[in-house]
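Here is how names work: the chains are called A, B, and so on, in the same order as the sequence lines, proteins then strands, and each is numbered from 1.
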Amino acid sequence: MIQKPRGTRDFLPDEMEYRRTKEAVMRQAAKNWGYREICTPTFEHQELYTLRSGPGIVKEMYTFQDKGGRELALRPEGTAAVLRMFVNEAKVLSRPIRWCYLSDCYRYERPQKGRYRQFWQFGAELIGADTPEGDAEVILLADDILRSAGVTYDLHIGHLAPMRHILRDLAEDLRREVMAHLDKKNYEGLAAALAACGRADLEEPLTALLAARTPAEAFSICGDVPERERIERMVQILDSQGLAYTLNFGIVRGLDYYTGMVFEGFAENLGAENQIIGGGAYRLAKLFGGEDVGSCGFGIGFDRVMVSLGDAPPAEDAVVAVVHTPESRDYAFSVARAFRDAGIRTELNLLDRGFGGQMKHAGKTAAYAVVAGVREAESGTVTLKELSTGAQKECPVDEAVDGVISGWR
RNA sequence: GCCGGGGUAGGGUAGUGGUUAUCCUCAGGGAUUGUGGUUCCCUGGACUCGGGUUCAAAUCUCGGCCCCGGCCCCA
């Protein structure tokens, strides 16, 4: 027997239908905000991802060389390809551009709860609206999508400007180190790093900034920054919409990728991998050879959404099982077609089973049995039987279809 | 890459070196050739893989693979 590759999953129909239901809800929410769905290739030139994330990322990706010698990689996330697509194709589209996607992504990582080597990411990108209104819209959209899907989560929103302002005098590599410590809440490491470079004076404002829960508090610590008005306007919009969130100026989210607003969300029922969404403002287009246009977006871990929501409820669709005999086979196919044309999931017996066997099978797999035997074929009727109650009646096909649609009664 | 816990039919399980590996569920068939569900009968299906110890391994041991939890990472 061949096992599936490590970190991959199979989905049976009950779970798959549940996933599709949630996908549809999320797509619809995005659509309502004007975010239209796009699709990019499953694999791209490796360079797209190393440009964005550095050469070290290769060991975390599924990479391969194709028969033409091209160095390719299965996509490890959604944003890079979307911005690549924007640079390639969307220069003439009127802005802002609102796009969303649901992509299968691949990362060579150790699987654990909520983390797989093949996973799905629902993302949205707003390109060319580098404004506080744009930042606010992306956050509100993300919240709408997650709540529509039924997820309960904690939302944390921040902005990189205050922290970068405090760290403005530090050398680039030291700044990265300090921010990495802050990201991991490693305060001992933070103190040691600052002391080592003679900037222990920064420890107090940094820890105070992490505790700040309003823009006013943050600016009283870091002083005035050019982004102040933008941050305040964004917060004002979010508050006007009654959004539940925590302001957190300690959010770092990777190092050089995000340029302004950043946000994260954490859901229940997940283990160590409880981050369900991450996003923020960034400027990637220029890196990929386009103009320097500001963008803002997020990625939702779709599989984590599903884990957080719990087990799939069993499917409830009415199912009709058509029971027949070899002599009435053609009639049975016609009867099944009538039910299918009405949008009813209908399964016709395909095996060499007697009436009793067919009814037995119908009792396990269907809500209704529709008998299309010789007798019915001659009179153009069917015998409709509700399997939960055992009630049955012989009637014309149209009437039987209506009966199933209206739930028998 | 690292640490820990696991792996017995499709699912859930019993089995601390010794007959043909237990039970439930499930699936297929029959009792019942135009009426299922209950019941009864029959059938099918498993020791994760490989090496080692032993007269004898599901059981002890080592390693691989896979699963689960955590670390690292998380674009």
Side-chain donor/acceptor contact of [X] with base of [N] under 3.5 Å:
| X | N | value |
| --- | --- | --- |
| A:R110 | B:rG69 | yes |
| A:Q358 | B:rU35 | no |
| A:R115 | B:rC73 | yes |

Do [X] and [Y] sit within salt-bridge range, that is, some charged N less than 4.0 Å from a carboxylate O?
| X | Y | result |
| --- | --- | --- |
| A:R228 | A:E232 | yes |
| A:E133 | A:R233 | yes |
| A:R175 | A:E172 | yes |
| A:D183 | A:R253 | no |

Distance, [atom1] atom - from [M] to [N], rounded to whole angstrom:
| N | M | atom1 | answer |
| --- | --- | --- | --- |
| B:rU48 | B:rC55 | C1' | 27 Å |
| B:rG15 | B:rA57 | C1' | 14 Å |
| B:rG4 | B:rG44 | P | 43 Å |
| B:rG28 | B:rG70 | P | 39 Å |

Report task. Verify the contact: side-chain N or O of A:R253 to OP1 or OP2 of B:rA75, cut-off strictly under 4.0 Å; return yes or no. Result -> yes
Requested in this report: Tell me whether the OP1 or OP2 atom of B:rC66 has a side-chain N or O from A:Q3 closer than 4.0 Å.
Outcome: no
Under 4.0 Å between any heavy atoms, over every strand shown, what does [X] touch: base, sugar-phosphate, or nothing? Just pick one.
| X | value |
| --- | --- |
| A:Q275 | nothing |
| A:A362 | nothing |
| A:E376 | base |
| A:G390 | base |
| A:V323 | nothing |

Report task. For each nucleotide in nucleotides 28-33 of chain B, reading 5' to 3', give B when a protein heavy atom comes within less than 4.0 Å of its base, S when such contact involves only the sugar-phosphate, and - otherwise. Result -> SS----
Query raised in the report: When you check the side-chain N and O atoms of A:T381 and A:E394, is any donor under 3.5 Å from an acceptor?
Result: yes
Query raised in the report: Does B:rC55 pair with anything, Watson-Crick or G-U wobble, both distances under 3.5 Å, and if so, with which nucleotide?
Result: B:rG18
**Report entry** Any side-chain heavy-atom pair of A:H181 and A:L194 under 4.5 Å
**Finding:** no
Query raised in the report: Pick one: which of A:E37, A:E137, A:E125 meets salt bridge (charged side-chain N to carboxylate O under 4.0 Å, His left out) with A:R98?
Result: A:E137
